[in-house]
Amino acid sequence: MNTKKQILFTALMVVGALVFGMIIAGGLNLTEPTRAEETSRPALAAEKDSRDEQARRVDLHARTAIDSFADLAEAVLPAVVTVEVVRIEEAPEVRGFQDFFRRGPRQPEPEPEEQRFPGAGSGFLISADGWIVTNNHVVERAERIQVGMDGREYSAEVKGRDRETDLALLKIDAGDELPHLPLGDSDALRVGDWVMAIGNPLNFEASVTVGVVSAKGRSIPIENNRADFANYIQTDAAINLGNSGGPLVNTAGEVVGIATGKAFAENIGFAVPVDVLRGVLPQLRDEGRVRRGYLGVSIRNLSHREARYYQLDEPNGAQVQEVVEDTPAEKAGVEAGDVILGVNDHDVVNTRDLIDYVASFPPGAEVRLRVLRDRDSEPLELDVKLEERPSLIAERPEPVPASPPREESMDWLGLELRPLTATLRERAQLDGRQRGVFVSGVSPRSVFAEEGFQGGFVIVGINDAVIESLGDLGEATADLEAGDLVRVEALAPGGQRLFSVIEVP
């Protein structure tokens, strides 16, 4: 009896366990799948795996896009060279107290002695047969140039130099094929892109620094505040003395710039865009120098207020401040005050755009200017035959202190105005033919002060009215009201013509 009860109890336990297991399995969705579920499960799993992989990649990219720059440095370094130069120059003589008594004050001065002045920079190979790019200031006036690479030295010859872009082209004969770097696209650079600078700062060979593109389109003077043709790349990759002429490369190992200088600040260096090198390279190789087209005008950018005055949608164009005598622009009929809107089919956005585009033509080329002379008239078309651009730009005259005699005067928009007497005309360095009204002072609260005007200039025009006296100025400004736009034509000390559009407060 007990045995029968035990068998029955065991059977009931087994049945109960089976029922409980089925209930649990159904609640956990562990029942046998239908055919539709069998078909969709791999797709769902694949989608989940894809999402997981994408999340992993996003997380990896967020941490770092580049694990190491070592491979990049290893690939680029063999094509980077040292450029060692020797200059022979007269040494300045310094006479001390003992030297004065040894020679005596009346004895003839000896001939100045010559000394050797060594210097060094960087460069990089752009071809297997030994063409090297560096900075002009590295090799200028050099008596001897040696190029070092991979523990060997080669005598180098300067094949071309251009002071405007601070670029130079050297050639060595190594007798075999050499490693070289491809030229990239500096126009495609974006602010924030990684770049690497390679060179020999402070004679520490094969040094590598890494940073980002801090800015583009920077303009810095090379020498004596002379204008240049390079819209410099600004970077925080360290550039020091000796880096000059070395490459600035992107993460693909392509040259995007040529290191040329640093600012007097931390982490600000500059490089010539490689697109500028592309533009001058053929002339450097074939002619040894760069010849550029030349108009013969002094220009400035338009402001938004001036664009409104000329009824332009955007402040595009370059306003002519001065036309140099006996230049292509004067011969073609360009006048001071004109706004150059385009050259051939090329729209002019700003002064740099006009300079670069005109400079890209060789001397003797003929171009057609689209010029706006009057805001109420259609643009003119003027044909110009370009000449060769001079290598240097004349220095501006020293500013003249404004201390005119007390005479009849008037005040207009914060300007202290006086008749242009012979004395004031001489102070302003103007000839006897000039007429106008002398500005002896500018109030710091004046709208003219906001435009950078200082005392010493002469007003010669208001809108379309010629100003020769205080009376002319009074008549031209009598009906002006707040908010009116006024074009002021003036002469700076020395005669440079200036134009500015101001808004009457």
Side-chain angles (χ1 to χ4, degrees), residues 164-165 185-191 215-219 227-233 272-280 282-283 290-324 327-389 393 451 485 487 489 497-501:
E164 307 291 347
T165 57
D185 182 1
S186 53
D187 189 54
L189 279 178
R190 298 182 302 166
V191 174
K216 295 176 63 178
R218 295 301 197 202
S219 181
D228 55 74
F229 283 84
N231 293 310
Y232 289 94
I233 300 167
V272 179
V274 75
D275 289 350
V276 174
L277 171 63
R278 287 183 186 276
V280 301
Q283 290 192 67
V290 179
R291 302 171 68 234
R292 298 179 172 89
Y294 175 62
L295 274 176
V297 292
S298 173
I299 53 179
R300 64 184 288 270
N301 290 325
L302 289 178
S303 66
H304 285 275
R305 185 167 58 231
E306 289 167 332
R308 286 164 47 205
Y309 176 85
Y310 288 109
Q311 303 178 37
L312 299 173
D313 294 332
E314 297 291 337
N316 294 344
Q319 186 180 63
V320 177
Q321 296 290 101
E322 180 182 11
V323 179
V324 181
T327 60
E330 185 191 52
K331 296 172 185 176
V334 177
E335 297 180 3
D338 287 349
V339 178
I340 301 177
L341 301 176
V343 182
N344 295 338
D345 295 328
H346 179 85
D347 292 334
V348 172
V349 178
N350 50 40
T351 56
R352 172 60 60 183
D353 188 32
L354 176 62
I355 292 171
D356 289 347
Y357 188 70
V358 170
S360 68
F361 289 92
E366 294 185 359
V367 298
R368 175 164 293 182
L369 303 181
R370 190 167 73 256
V371 173
L372 181 62
R373 181 161 296 169
D374 188 341
R375 63 177 176 176
D376 297 321
S377 302
E378 292 297 318
L380 307 174
E381 290 190 347
L382 303 176
D383 293 324
V384 183
K385 185 175 182 179
L386 301 177
E387 297 177 4
E388 183 172 356
R389 181 185 183 275
I393 297 176
E451 294 295 313
L485 298 178
R487 188 180 76 158
E489 181 179 357
R497 197 169 296 268
L498 306 173
F499 294 87
S500 183
V501 172

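Everything quoted here is computed from the prediction, not taken from an experiment.
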Chemist: Quick one: CD1 on Ile355 to CZ on Arg292, what's the gap to the nearest 0.5 Å?
Modeler: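 Between atom CD1 of Ile355 and atom CZ of Arg292 there are 11.0 Å.
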
Chemist: If you measure from CD on Gln319 to CZ on Arg487, what distance do you get to the nearest 0.5 Å?
Modeler: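 Answer for the CD-CZ pair, Gln319 versus Arg487, is 6.5 Å.
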
Chemist: With sequence neighbours left out, what residues match Tyr357 under ring pair (Phe, Tyr, Trp, His ring centres under 6.0 Å)?
Modeler: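 With neighbours one apart ignored, the set is His346, Phe361.
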
Chemist: On a heavy-atom basis, which atom in Leu386 and which in Tyr294 lie closest, and how many Å separate them?
Modeler: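 In terms of heavy atoms, the two residues are closest at CD2-O, 3.7 Å.
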
Chemist: Please report the interatomic distance CG(Asn301) to CG(Asn350), rounded to the nearest 0.5 Å.
Modeler: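 Answer for the CG-CG pair, Asn301 versus Asn350, is 5.0 Å.
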
Chemist: Check this for me: does any side-chain nitrogen of one of Arg389 and Glu164 sit under 4.0 Å from a carboxylate oxygen of the other?
Modeler: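 Looking at Arg389 and Glu164, the cut-off is met.
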
Chemist: Could you tell me whether the side chain of Asp356 reaches within less than 4.5 Å of the side chain of Asn231, counting heavy atoms only?
Modeler: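 Contact flag for Asn231/Asp356 side chains = yes.
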
Chemist: Asp275: what forms a side chain to side chain contact (heavy atoms under 4.5 Å, CB included) with it, not counting sequence neighbours?
Modeler: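 Asp185, Ser186, Asp187, Arg278.
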
Chemist: Rounded to the nearest 0.5 Å, how far does CD1 of Ile299 lie from CZ of Arg352?
Modeler: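 If I round to the nearest 0.5 Å, the distance is 9.0 Å.
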
Chemist: Tell me whether the count of non-hydrogen atoms from other residues, nucleotides or ligands lying under 6.0 Å of NZ in Lys331 goes above 12.
Modeler: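 Correct, the count exceeds 12.
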
Chemist: Go through the steps for Leu312 and Leu372 under the test side chain to side chain contact (heavy atoms under 4.5 Å, CB included), then give the verdict.
Modeler: CA-CA 10 Å; Leu312 299 173; Leu372 181 62; 4.1 Å; yes

Chemist: Just to verify, what does Glu388 make a salt bridge (Lys or Arg N to Asp or Glu O under 4.0 Å) with, not counting sequence neighbours?
Modeler: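 Result, salt bridge (Lys or Arg N to Asp or Glu O under 4.0 Å) vs Glu388: Arg289, Arg291.
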
Chemist: Taking all non-hydrogen atoms of both residues into account, name the closest pair between Gly333 and Arg373 and its distance.
Modeler: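 Where Gly333 meets Arg373 most closely, the heavy atoms are O-NH2, 2.9 Å.
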
Chemist: Kindly say whether Arg368 contributes a backbone atom to a donor-acceptor pair with the side chain of Asn344 at under 3.5 angstrom?
Modeler: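 Side chain of Asn344 to backbone of Arg368, a donor-acceptor pair under 3.5 Å: yes, one is there.
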
Chemist: Taking atom CZ of Arg370 and atom CG of Leu380, what is their separation to the nearest 0.5 Å?
Modeler: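 Those atoms lie 11.5 Å apart.
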
Chemist: For Glu378, I'd like to know if atom CD has over 12 heavy atoms of other residues, nucleotides or ligands within 6.0 Å.
Modeler: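 No, CD of Glu378 has 12 or fewer neighbouring heavy atoms, counting only those of other groups under 6.0 Å.
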
Chemist: Quick one: does Leu341's side chain get under 4.5 Å of Val348's, heavy atoms only?
Modeler: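 Side-chain contact under 4.5 Å: no.
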
Chemist: Please answer whether the main-chain N or O of Val334 pairs with a side-chain N or O of Asp338 as donor and acceptor at a distance below 3.5 Å.
Modeler: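 Answer holds: no.
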
Chemist: Could you walk me through whether Glu366 and Asp383 pass the side chain to side chain contact (heavy atoms under 4.5 Å, CB included) check?
Modeler: CA-CA 7 Å; Glu366 294 185 359; Asp383 293 324; over 6 Å; no

Chemist: Identify the two heavy atoms, one from Pro315 and one from Leu302, that lie closest to each other, and give their separation to 0.1 Å.
Modeler: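 Smallest interatomic distance, heavy atoms only, reads CB-O, 3.5 Å.
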
Chemist: Measuring from atom CG of Leu382 to atom CD1 of Ile340, what distance do you get when rounded to the nearest 0.5 angstrom?
Modeler: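 Interatomic distance, Leu382 CG to Ile340 CD1, rounded to 0.5 Å: 9.0 Å.
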
Chemist: What is the minimum heavy-atom distance between Asp376 and Gln311, and which atoms define it?
Modeler: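 For Asp376 versus Gln311, the nearest heavy atoms are OD1-NE2, 3.3 Å.
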
Chemist: When you measure from the centre of the six-membered ring of Phe499, is the NZ or CZ of Arg300 closer than 6.0 Å and no more than 45° off the axis?
Modeler: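 The answer is no, since Arg300 fails at least one limit relative to Phe499.
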
Chemist: Could you walk me through whether Val384 and Val358 pass the side chain to side chain contact (heavy atoms under 4.5 Å, CB included) test, one step at a time?
Modeler: CA-CA 11 Å; Val384 183; Val358 170; over 6 Å; no

